[in-house]
Amino acid sequence: LATRDALAKAFATLPPEQRAAVALHLHLGYTVQETADLVGVPIETVRSRLRLARERLRRSLEADE
Amino acid sequence: MTHLVDDAFERELREFLEWQSDDRRGAPRAADIAQRLDVGRTARHSGTRLAFWVAGALLAGVVIAGALISGGSLLPVQHVTPIQSSLGREGASPGSPMPSASNVLPVLALTGNGDIYVAGATEPNPSSGPLRVVPLPQAITNACTGCAAAGTVAWSPDGSTLAYADGDGQLWIWRDGDAEATSLIACPQPACPVSFPGWSADGGSILFIGGGQPTGGRGLYAIDLATRAVRSIPLPAGAVWPSSLSMSRSGRIAFTTIEPPPLATVWVANADGSGARSVPGAASTRLPTVALSPDGSRLAIVEDPLPANATGGGDPYEIQLSIIGADGAGRRVLYRHPGCCVGLDGFGPPVWSPDGTKVAIVALRPSSGADASGIAVLSFDVASGDESVLAPAQPNGAMPAWRPAPTASGQP
(Lines give C-alpha, C1' and ligand atoms only; values in the text may rest on other atoms or scores of the structure.)
Protein backbone atom coordinates (compact mmCIF):
# COMPACT_ATOMS: atom_id res chain seq x y z
CA LEU A 1 0.00 0.00 0.00
CA ALA A 2 1.10 3.48 -0.71
CA THR A 3 2.72 5.52 1.98
CA ARG A 4 1.01 8.66 3.13
CA ASP A 5 3.81 10.84 1.89
CA ALA A 6 3.62 9.28 -1.55
CA LEU A 7 -0.13 9.71 -1.58
CA ALA A 8 0.19 13.30 -0.45
CA LYS A 9 2.61 13.97 -3.27
CA ALA A 10 0.41 12.24 -5.82
CA PHE A 11 -2.75 13.89 -4.55
CA ALA A 12 -1.15 17.29 -4.87
CA THR A 13 -0.50 16.67 -8.54
CA LEU A 14 -4.17 16.11 -9.32
CA PRO A 15 -5.96 18.87 -11.20
CA PRO A 16 -8.11 20.92 -8.82
CA GLU A 17 -11.37 19.61 -10.20
CA GLN A 18 -10.29 15.99 -9.67
CA ARG A 19 -9.02 16.77 -6.19
CA ALA A 20 -12.35 18.36 -5.33
CA ALA A 21 -14.32 15.37 -6.64
CA VAL A 22 -12.22 12.95 -4.61
CA ALA A 23 -12.43 15.07 -1.46
CA LEU A 24 -16.16 15.69 -1.69
CA HIS A 25 -17.13 12.12 -2.52
CA LEU A 26 -14.57 9.96 -0.75
CA HIS A 27 -13.64 12.13 2.17
CA LEU A 28 -16.73 14.16 2.98
CA GLY A 29 -19.22 11.54 1.94
CA TYR A 30 -21.33 13.41 -0.56
CA THR A 31 -22.92 11.20 -3.17
CA VAL A 32 -21.78 11.46 -6.75
CA GLN A 33 -24.96 13.38 -7.53
CA GLU A 34 -24.41 15.77 -4.62
CA THR A 35 -20.82 16.27 -5.69
CA ALA A 36 -22.07 17.15 -9.16
CA ASP A 37 -24.54 19.64 -7.69
CA LEU A 38 -21.91 21.19 -5.46
CA VAL A 39 -19.46 21.84 -8.26
CA GLY A 40 -22.13 22.57 -10.86
CA VAL A 41 -21.33 19.93 -13.45
CA PRO A 42 -23.25 16.95 -14.83
CA ILE A 43 -23.00 13.72 -12.91
CA GLU A 44 -21.16 12.06 -15.78
CA THR A 45 -18.45 14.66 -15.41
CA VAL A 46 -17.99 13.79 -11.75
CA ARG A 47 -17.83 10.09 -12.56
CA SER A 48 -15.21 10.86 -15.15
CA ARG A 49 -13.17 13.01 -12.75
CA LEU A 50 -13.23 10.31 -10.09
CA ARG A 51 -12.12 7.72 -12.60
CA LEU A 52 -9.34 9.91 -13.96
CA ALA A 53 -8.16 10.79 -10.45
CA ARG A 54 -7.93 7.14 -9.50
CA GLU A 55 -5.98 6.28 -12.62
CA ARG A 56 -3.65 9.24 -12.18
CA LEU A 57 -2.97 8.43 -8.54
CA ARG A 58 -2.25 4.82 -9.39
CA ARG A 59 0.17 5.85 -12.10
CA SER A 60 1.90 8.34 -9.82
CA LEU A 61 2.34 5.79 -7.07
CA GLU A 62 3.57 3.10 -9.44
CA ALA A 63 6.13 5.52 -10.87
CA ASP A 64 7.37 6.25 -7.35
CA GLU A 65 7.97 2.59 -6.55
CA MET B 1 -21.46 3.91 -10.97
CA THR B 2 -17.94 4.32 -9.82
CA HIS B 3 -17.49 1.50 -7.36
CA LEU B 4 -15.06 3.35 -5.18
CA VAL B 5 -15.98 1.95 -1.84
CA ASP B 6 -15.01 -1.64 -2.55
CA ASP B 7 -11.56 -0.84 -3.78
CA ALA B 8 -8.60 -1.15 -1.44
CA PHE B 9 -6.81 1.65 -3.15
CA GLU B 10 -9.62 4.07 -2.54
CA ARG B 11 -9.94 2.97 1.05
CA GLU B 12 -6.29 3.84 1.39
CA LEU B 13 -6.93 7.15 -0.28
CA ARG B 14 -9.84 7.87 2.04
CA GLU B 15 -7.68 7.10 5.07
CA PHE B 16 -5.06 9.39 3.67
CA LEU B 17 -7.60 12.16 3.27
CA GLU B 18 -8.75 11.68 6.85
CA TRP B 19 -5.16 11.88 8.01
CA GLN B 20 -4.51 14.90 5.86
CA SER B 21 -7.59 16.61 7.22
CA ASP B 22 -6.64 15.83 10.80
CA ASP B 23 -3.25 17.36 10.30
CA ARG B 24 -4.75 20.26 8.38
CA ARG B 25 -2.10 19.63 5.77
CA GLY B 26 -4.64 19.86 3.02
CA ALA B 27 -6.74 22.75 4.32
CA PRO B 28 -8.01 24.56 1.27
CA ARG B 29 -7.15 28.19 0.88
CA ALA B 30 -10.01 30.61 0.39
CA ALA B 31 -8.30 32.10 -2.63
CA ASP B 32 -8.07 28.68 -4.26
CA ILE B 33 -11.74 28.00 -3.75
CA ALA B 34 -12.78 31.45 -4.88
CA GLN B 35 -10.73 31.01 -8.01
CA ARG B 36 -12.13 27.58 -8.71
CA LEU B 37 -15.66 28.79 -8.21
CA ASP B 38 -14.96 31.80 -10.35
CA VAL B 39 -16.36 33.97 -7.62
CA GLY B 40 -15.25 37.09 -9.41
CA ARG B 41 -17.79 36.54 -12.15
CA THR B 42 -20.54 35.11 -10.01
CA ALA B 43 -20.15 38.01 -7.63
CA ARG B 44 -21.77 40.26 -10.17
CA HIS B 45 -24.99 38.68 -9.02
CA SER B 46 -24.49 37.62 -5.45
CA GLY B 47 -20.89 37.66 -4.45
CA THR B 48 -21.36 38.42 -0.80
CA ARG B 49 -23.67 35.50 -0.25
CA LEU B 50 -21.49 33.15 -2.22
CA ALA B 51 -18.43 34.26 -0.31
CA PHE B 52 -20.36 33.57 2.89
CA TRP B 53 -21.22 30.12 1.65
CA VAL B 54 -17.65 29.48 0.63
CA ALA B 55 -16.61 30.45 4.13
CA GLY B 56 -19.14 28.00 5.54
CA ALA B 57 -17.84 25.33 3.24
CA LEU B 58 -14.32 26.08 4.39
CA LEU B 59 -15.37 25.60 7.98
CA ALA B 60 -16.69 22.21 7.05
CA GLY B 61 -13.47 21.40 5.23
CA VAL B 62 -15.17 21.25 1.87
CA VAL B 63 -13.10 21.59 -1.25
CA ILE B 64 -15.06 22.92 -4.20
CA ALA B 65 -14.07 23.17 -7.79
CA GLY B 66 -15.99 24.69 -10.64
CA ALA B 67 -15.99 23.39 -14.16
CA LEU B 68 -13.70 25.10 -16.58
CA ILE B 69 -15.49 25.04 -19.84
CA SER B 70 -14.77 27.91 -22.13
CA GLY B 71 -17.52 30.28 -23.15
CA GLY B 72 -19.25 30.94 -26.43
CA SER B 73 -22.51 31.98 -27.96
CA LEU B 74 -25.73 30.09 -28.42
CA LEU B 75 -25.16 27.72 -31.29
CA PRO B 76 -27.65 27.09 -34.07
CA VAL B 77 -30.26 24.41 -33.64
CA GLN B 78 -28.82 21.05 -34.55
CA HIS B 79 -30.55 18.05 -36.04
CA VAL B 80 -29.43 14.48 -35.81
CA THR B 81 -29.53 11.74 -38.36
CA PRO B 82 -33.17 11.09 -39.26
CA ILE B 83 -34.59 7.79 -38.14
CA GLN B 84 -37.99 6.20 -38.10
CA SER B 85 -39.28 6.26 -34.57
CA SER B 86 -42.43 5.92 -32.58
CA LEU B 87 -42.38 6.20 -28.83
CA GLY B 88 -42.35 3.10 -26.72
CA ARG B 89 -42.24 0.39 -29.30
CA GLU B 90 -40.32 -2.68 -28.40
CA GLY B 91 -37.31 -4.00 -30.15
CA ALA B 92 -35.62 -0.70 -30.76
CA SER B 93 -32.08 -1.03 -31.93
CA PRO B 94 -29.54 1.66 -32.54
CA GLY B 95 -30.11 3.49 -35.75
CA SER B 96 -32.90 1.29 -37.01
CA PRO B 97 -36.65 1.76 -37.21
CA MET B 98 -38.63 0.50 -34.26
CA PRO B 99 -40.85 -2.50 -34.97
CA SER B 100 -44.50 -1.66 -34.82
CA ALA B 101 -45.55 -4.82 -33.00
CA SER B 102 -46.24 -5.03 -29.29
CA ASN B 103 -46.85 -1.38 -28.65
CA VAL B 104 -46.11 -0.09 -25.21
CA LEU B 105 -48.30 2.65 -23.82
CA PRO B 106 -45.70 4.98 -22.30
CA VAL B 107 -46.19 6.07 -18.72
CA LEU B 108 -42.64 6.99 -17.75
CA ALA B 109 -39.40 8.11 -19.25
CA LEU B 110 -36.30 7.27 -17.26
CA THR B 111 -32.58 7.32 -17.60
CA GLY B 112 -29.97 4.71 -16.92
CA ASN B 113 -26.31 4.38 -17.80
CA GLY B 114 -26.73 7.42 -19.98
CA ASP B 115 -29.55 6.06 -22.10
CA ILE B 116 -33.20 7.07 -22.10
CA TYR B 117 -35.94 4.51 -21.69
CA VAL B 118 -39.68 4.60 -21.73
CA ALA B 119 -41.76 2.38 -19.50
CA GLY B 120 -45.32 1.43 -20.15
CA ALA B 121 -47.93 -1.25 -20.08
CA THR B 122 -48.14 -3.61 -22.98
CA GLU B 123 -51.44 -3.81 -24.77
CA PRO B 124 -53.91 -5.40 -24.31
CA ASN B 125 -53.24 -5.92 -20.61
CA PRO B 126 -52.16 -2.53 -19.35
CA SER B 127 -52.75 -2.87 -15.62
CA SER B 128 -50.93 -5.98 -14.45
CA GLY B 129 -47.51 -5.87 -12.86
CA PRO B 130 -44.57 -3.54 -13.32
CA LEU B 131 -44.31 -1.56 -16.48
CA ARG B 132 -42.22 -2.85 -19.33
CA VAL B 133 -39.11 -0.83 -20.10
CA VAL B 134 -37.81 -0.29 -23.60
CA PRO B 135 -34.94 1.90 -24.78
CA LEU B 136 -35.23 4.81 -27.11
CA PRO B 137 -32.98 4.45 -30.12
CA GLN B 138 -29.46 5.53 -29.44
CA ALA B 139 -29.73 7.96 -32.30
CA ILE B 140 -32.09 9.89 -30.06
CA THR B 141 -30.53 9.17 -26.69
CA ASN B 142 -27.06 10.01 -27.88
CA ALA B 143 -28.20 12.64 -30.32
CA CYS B 144 -25.04 14.66 -29.99
CA THR B 145 -22.07 12.93 -31.50
CA GLY B 146 -19.57 11.99 -28.85
CA CYS B 147 -21.35 13.72 -26.00
CA ALA B 148 -21.83 12.08 -22.66
CA ALA B 149 -24.90 10.23 -21.55
CA ALA B 150 -28.37 11.50 -20.91
CA GLY B 151 -29.12 12.86 -17.47
CA THR B 152 -32.43 14.37 -16.47
CA VAL B 153 -35.65 14.14 -18.49
CA ALA B 154 -39.08 15.83 -18.46
CA TRP B 155 -42.31 15.44 -20.42
CA SER B 156 -44.12 18.41 -21.87
CA PRO B 157 -47.54 19.18 -20.32
CA ASP B 158 -49.31 17.57 -23.28
CA GLY B 159 -47.14 14.46 -23.09
CA SER B 160 -45.95 14.88 -26.65
CA THR B 161 -42.36 15.94 -26.19
CA LEU B 162 -39.46 14.85 -24.06
CA ALA B 163 -36.85 17.34 -22.90
CA TYR B 164 -33.57 16.04 -21.62
CA ALA B 165 -30.16 17.24 -20.58
CA ASP B 166 -27.27 15.13 -21.74
CA GLY B 167 -24.18 14.35 -19.77
CA ASP B 168 -22.36 17.30 -21.28
CA GLY B 169 -25.04 19.61 -19.97
CA GLN B 170 -26.68 20.29 -23.33
CA LEU B 171 -30.45 20.56 -23.69
CA TRP B 172 -32.43 18.54 -26.25
CA ILE B 173 -36.06 17.93 -27.07
CA TRP B 174 -37.55 15.02 -28.92
CA ARG B 175 -41.16 15.01 -30.04
CA ASP B 176 -42.86 11.63 -30.11
CA GLY B 177 -43.02 10.51 -33.70
CA ASP B 178 -40.39 12.91 -34.96
CA ALA B 179 -37.49 11.41 -36.79
CA GLU B 180 -34.93 13.55 -35.09
CA ALA B 181 -34.05 15.17 -31.81
CA THR B 182 -33.42 18.89 -31.71
CA SER B 183 -30.73 20.70 -29.82
CA LEU B 184 -32.00 23.67 -27.86
CA ILE B 185 -28.81 24.55 -26.04
CA ALA B 186 -25.42 23.45 -27.27
CA CYS B 187 -22.43 24.02 -25.06
CA PRO B 188 -20.35 25.95 -24.42
CA GLN B 189 -22.46 28.97 -23.72
CA PRO B 190 -23.27 30.89 -20.54
CA ALA B 191 -26.30 28.78 -19.61
CA CYS B 192 -24.28 25.54 -19.64
CA PRO B 193 -24.31 22.99 -18.20
CA VAL B 194 -28.05 22.39 -18.19
CA SER B 195 -29.71 20.19 -15.60
CA PHE B 196 -33.21 19.64 -14.20
CA PRO B 197 -35.20 20.74 -17.26
CA GLY B 198 -38.88 21.34 -16.59
CA TRP B 199 -41.68 22.60 -18.78
CA SER B 200 -43.69 25.71 -18.13
CA ALA B 201 -47.36 25.12 -17.51
CA ASP B 202 -48.24 26.28 -21.04
CA GLY B 203 -45.49 24.21 -22.66
CA GLY B 204 -44.02 27.29 -24.28
CA SER B 205 -40.72 27.31 -22.45
CA ILE B 206 -38.36 25.08 -20.55
CA LEU B 207 -36.88 26.12 -17.23
CA PHE B 208 -33.62 24.65 -16.07
CA ILE B 209 -30.63 25.04 -13.81
CA GLY B 210 -27.61 26.19 -15.73
CA GLY B 211 -24.43 28.17 -15.70
CA GLY B 212 -21.69 28.03 -13.15
CA GLN B 213 -18.96 28.12 -15.74
CA PRO B 214 -16.53 30.99 -16.23
CA THR B 215 -18.92 32.52 -18.71
CA GLY B 216 -21.93 32.82 -16.46
CA GLY B 217 -23.39 32.49 -13.01
CA ARG B 218 -25.03 29.34 -11.77
CA GLY B 219 -28.73 30.06 -11.71
CA LEU B 220 -32.22 29.41 -12.99
CA TYR B 221 -32.87 29.97 -16.68
CA ALA B 222 -35.71 29.62 -19.15
CA ILE B 223 -35.56 29.10 -22.89
CA ASP B 224 -38.49 30.18 -25.05
CA LEU B 225 -39.22 27.41 -27.51
CA ALA B 226 -40.48 29.76 -30.19
CA THR B 227 -37.62 32.23 -30.18
CA ARG B 228 -34.87 30.12 -28.54
CA ALA B 229 -34.14 33.14 -26.38
CA VAL B 230 -32.59 32.27 -23.01
CA ARG B 231 -33.35 34.45 -20.02
CA SER B 232 -32.26 34.33 -16.42
CA ILE B 233 -34.82 33.84 -13.66
CA PRO B 234 -33.92 35.82 -10.56
CA LEU B 235 -33.18 33.95 -7.38
CA PRO B 236 -34.44 35.20 -4.02
CA ALA B 237 -32.31 37.91 -2.48
CA GLY B 238 -29.13 36.40 -1.11
CA ALA B 239 -29.74 32.93 -2.52
CA VAL B 240 -27.15 31.34 -4.78
CA TRP B 241 -26.28 28.10 -6.49
CA PRO B 242 -29.56 26.27 -7.21
CA SER B 243 -29.19 22.51 -7.09
CA SER B 244 -32.64 21.10 -7.79
CA LEU B 245 -35.66 22.41 -9.71
CA SER B 246 -39.24 21.26 -10.17
CA MET B 247 -42.15 22.67 -12.15
CA SER B 248 -45.84 22.20 -11.49
CA ARG B 249 -48.95 22.64 -13.57
CA SER B 250 -50.06 25.30 -11.11
CA GLY B 251 -47.42 27.62 -12.54
CA ARG B 252 -45.41 27.51 -9.33
CA ILE B 253 -41.90 26.14 -9.11
CA ALA B 254 -39.80 24.64 -6.32
CA PHE B 255 -36.05 24.67 -6.11
CA THR B 256 -33.20 24.28 -3.68
CA THR B 257 -30.21 26.53 -3.20
CA ILE B 258 -26.94 25.83 -1.46
CA GLU B 259 -26.47 28.14 1.47
CA PRO B 260 -24.27 28.48 4.50
CA PRO B 261 -24.89 25.59 6.85
CA PRO B 262 -27.28 23.84 7.21
CA LEU B 263 -26.41 23.88 3.50
CA ALA B 264 -29.65 23.61 1.53
CA THR B 265 -32.78 25.77 1.49
CA VAL B 266 -35.98 24.77 -0.30
CA TRP B 267 -37.92 27.53 -2.06
CA VAL B 268 -41.32 27.82 -3.70
CA ALA B 269 -41.88 30.64 -6.18
CA ASN B 270 -43.75 31.70 -9.27
CA ALA B 271 -42.28 30.51 -12.55
CA ASP B 272 -40.77 33.95 -13.18
CA GLY B 273 -39.00 33.82 -9.83
CA SER B 274 -41.32 36.27 -8.14
CA GLY B 275 -43.06 35.57 -4.86
CA ALA B 276 -40.31 33.26 -3.62
CA ARG B 277 -40.42 32.08 -0.06
CA SER B 278 -38.40 29.46 1.75
CA VAL B 279 -40.16 26.40 3.04
CA PRO B 280 -39.78 26.23 6.80
CA GLY B 281 -38.74 22.85 8.07
CA ALA B 282 -37.29 21.75 4.75
CA ALA B 283 -33.73 23.02 5.21
CA SER B 284 -31.20 20.22 5.04
CA THR B 285 -27.59 19.46 5.78
CA ARG B 286 -27.53 17.47 2.54
CA LEU B 287 -28.57 18.45 -0.97
CA PRO B 288 -32.16 17.32 -1.34
CA THR B 289 -34.01 17.02 -4.60
CA VAL B 290 -37.57 18.29 -4.63
CA ALA B 291 -40.76 17.98 -6.67
CA LEU B 292 -43.77 20.22 -6.41
CA SER B 293 -47.17 18.54 -6.68
CA PRO B 294 -49.25 19.35 -9.77
CA ASP B 295 -51.49 21.68 -7.77
CA GLY B 296 -48.50 23.31 -6.06
CA SER B 297 -49.68 22.47 -2.55
CA ARG B 298 -47.15 19.81 -1.50
CA LEU B 299 -43.50 18.99 -1.90
CA ALA B 300 -41.83 15.63 -2.24
CA ILE B 301 -38.30 15.71 -0.90
CA VAL B 302 -35.61 13.05 -1.37
CA GLU B 303 -32.44 13.29 0.65
CA ASP B 304 -30.00 11.45 2.84
CA PRO B 305 -31.15 11.92 6.43
CA LEU B 306 -27.63 11.38 7.75
CA PRO B 307 -24.84 13.95 7.98
CA ALA B 308 -22.62 13.95 4.93
CA ASN B 309 -19.67 12.26 6.59
CA ALA B 310 -21.67 9.84 8.75
CA THR B 311 -20.65 6.86 6.68
CA GLY B 312 -17.03 7.84 6.33
CA GLY B 313 -17.27 8.96 2.75
CA GLY B 314 -18.40 7.43 -0.49
CA ASP B 315 -21.06 4.76 -0.46
CA PRO B 316 -23.19 3.62 1.24
CA TYR B 317 -25.67 6.24 2.21
CA GLU B 318 -29.31 6.39 3.22
CA ILE B 319 -32.20 7.60 1.14
CA GLN B 320 -35.43 9.09 2.47
CA LEU B 321 -38.59 10.31 0.73
CA SER B 322 -40.88 12.64 2.61
CA ILE B 323 -43.92 14.75 1.82
CA ILE B 324 -44.34 18.24 3.22
CA GLY B 325 -46.83 21.01 2.61
CA ALA B 326 -45.58 23.85 0.43
CA ASP B 327 -46.07 25.99 3.54
CA GLY B 328 -43.77 23.67 5.51
CA ALA B 329 -46.52 21.93 7.45
CA GLY B 330 -47.17 18.24 7.99
CA ARG B 331 -43.92 16.59 7.01
CA ARG B 332 -44.11 12.84 6.98
CA VAL B 333 -41.73 10.16 5.77
CA LEU B 334 -42.95 7.72 3.11
CA TYR B 335 -39.76 5.75 2.61
CA ARG B 336 -36.35 5.30 4.15
CA HIS B 337 -33.77 2.73 3.16
CA PRO B 338 -30.43 2.24 4.87
CA GLY B 339 -27.31 1.23 3.13
CA CYS B 340 -27.83 2.59 -0.39
CA CYS B 341 -26.53 1.63 -2.87
CA VAL B 342 -24.12 0.28 -5.39
CA GLY B 343 -25.76 1.18 -8.68
CA LEU B 344 -27.19 4.50 -7.52
CA ASP B 345 -25.23 7.71 -7.57
CA GLY B 346 -27.37 9.66 -5.19
CA PHE B 347 -30.91 10.53 -4.43
CA GLY B 348 -32.60 11.05 -7.74
CA PRO B 349 -35.40 13.56 -7.99
CA PRO B 350 -38.88 12.44 -7.00
CA VAL B 351 -41.68 12.83 -9.53
CA TRP B 352 -45.42 13.26 -8.98
CA SER B 353 -48.00 11.37 -10.95
CA PRO B 354 -50.04 13.71 -13.15
CA ASP B 355 -53.07 13.31 -10.87
CA GLY B 356 -51.05 14.14 -7.76
CA THR B 357 -51.86 10.93 -5.90
CA LYS B 358 -48.49 9.18 -6.17
CA VAL B 359 -44.79 9.96 -6.03
CA ALA B 360 -42.14 7.87 -7.77
CA ILE B 361 -38.41 7.65 -7.16
CA VAL B 362 -35.59 5.42 -8.29
CA ALA B 363 -34.54 3.60 -5.15
CA LEU B 364 -34.11 0.21 -3.58
CA ARG B 365 -37.09 -1.97 -2.81
CA PRO B 366 -37.68 -1.80 0.95
CA SER B 367 -36.96 -5.49 1.45
CA SER B 368 -33.84 -5.61 -0.67
CA GLY B 369 -30.23 -5.38 0.30
CA ALA B 370 -27.85 -2.74 -0.93
CA ASP B 371 -27.20 -4.14 -4.34
CA ALA B 372 -28.21 -3.16 -7.82
CA SER B 373 -30.72 -5.97 -8.20
CA GLY B 374 -33.04 -4.20 -5.78
CA ILE B 375 -33.16 -0.93 -7.63
CA ALA B 376 -36.52 -0.07 -9.15
CA VAL B 377 -38.80 2.81 -9.93
CA LEU B 378 -40.89 2.76 -6.76
CA SER B 379 -44.29 4.39 -6.57
CA PHE B 380 -45.78 5.55 -3.28
CA ASP B 381 -49.41 6.36 -2.70
CA VAL B 382 -49.23 9.73 -0.98
CA ALA B 383 -52.39 9.19 1.07
CA SER B 384 -51.76 5.66 2.28
CA GLY B 385 -47.99 5.36 1.91
CA ASP B 386 -48.43 2.06 0.06
CA GLU B 387 -45.41 1.22 -2.04
CA SER B 388 -45.29 -0.67 -5.30
CA VAL B 389 -42.75 -1.36 -8.02
CA LEU B 390 -43.72 0.80 -10.96
CA ALA B 391 -41.00 -0.39 -13.31
CA PRO B 392 -37.57 -1.96 -13.31
CA ALA B 393 -34.85 0.65 -13.09
CA GLN B 394 -31.70 0.73 -15.10
CA PRO B 395 -28.22 0.80 -13.51
CA ASN B 396 -27.19 4.32 -12.61
CA GLY B 397 -30.69 5.47 -13.35
CA ALA B 398 -31.79 8.66 -11.76
CA MET B 399 -34.84 10.55 -12.80
CA PRO B 400 -38.16 9.08 -13.85
CA ALA B 401 -40.50 11.45 -15.67
CA TRP B 402 -44.21 10.68 -15.46
CA ARG B 403 -45.95 11.28 -18.73
CA PRO B 404 -49.20 13.27 -18.64
CA ALA B 405 -51.96 11.07 -19.98
CA PRO B 406 -53.02 12.13 -23.46
CA THR B 407 -56.71 12.30 -24.33
CA ALA B 408 -58.35 10.31 -27.09
CA SER B 409 -57.52 13.14 -29.44
CA GLY B 410 -53.90 12.87 -28.52
CA GLN B 411 -53.97 16.04 -26.46
CA PRO B 412 -54.24 16.31 -22.67
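A note on names: the letters A, B, ... follow the listed sequences, proteins ahead of strands, and every chain is numbered from 1.
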> Does the side chain of B:L287 come within less than 4.5 Å of A:Q33's, by heavy atoms?
Replying inline: no
> Taking all atoms of both residues into account, what is the closest heavy-atom pair of A:P42 and B:G169, and its distance?
Replying inline: CG-N, 3.7 Å
> If you measure from OG on B:S195 to CG on A:D37, what distance do you get to the nearest 0.5 Å?
Replying inline: 7.0 Å
> Closest approach of A:L38 and B:W241, non-hydrogen atoms and distance?
Replying inline: O-NE1, 3.2 Å
